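First the structure, in the form of structure tokens, and then the observations on it.
Computed from a predicted model, the values in this text were never measured in an experiment. For this chain, numbers begin at 1 and follow the sequence in order.
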Amino acid sequence: MGALALLGQFWPYLLATGAALAGLWTAYAKGKAGQKARQEAADAAARSEARKIDDAVAGRTPDNNRGRLAKWSRS
């Protein structure tokens, strides 16, 4: 009976602790999801830029590409 009486006294504190832990877990999960979304957006932008560069390079001759690269590296 002593344990039940003790639990009866402390249940509000246990409930508050559980709610606080649930809140922390929710905040952690939302932050993790937000960071993942930002990283995926950055990766998509990088892939898009790489695709544009590949398309631009593919349309020129290798000599033309070398000349443009040499000019770019000097700037």
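Among pairs with a residue in residues 35-45, those fulfilling side chain to side chain donor-acceptor pair (under 3.5 Å) read Q35-R38, Q39-D43, at least two apart in sequence or across chains.
For the atom pair R66 CZ and T61 OG1, the distance stands at 8.5 Å (nearest 0.5 Å).
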Does the side chain to side chain contact (heavy atoms under 4.5 Å, CB included) test come out yes or no for N65 and L69, once each step is laid out?
-> CA-CA 6 Å; N65 285 337; L69 181 60; over 6 Å; no
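Checked against side chain to side chain donor-acceptor pair (under 3.5 Å), E49 has no partners two or more places apart in sequence or in another chain. In terms of the side chain to side chain donor-acceptor pair (under 3.5 Å) criterion, D54 has no residue partners (sequence neighbours excluded).
Around atom CZ of R68, no more than 12 heavy atoms belonging to other residues, nucleotides or ligands sit under 6.0 Å away.
A heavy-atom distance below 4.5 Å is found between the side chains of L21 and T17.
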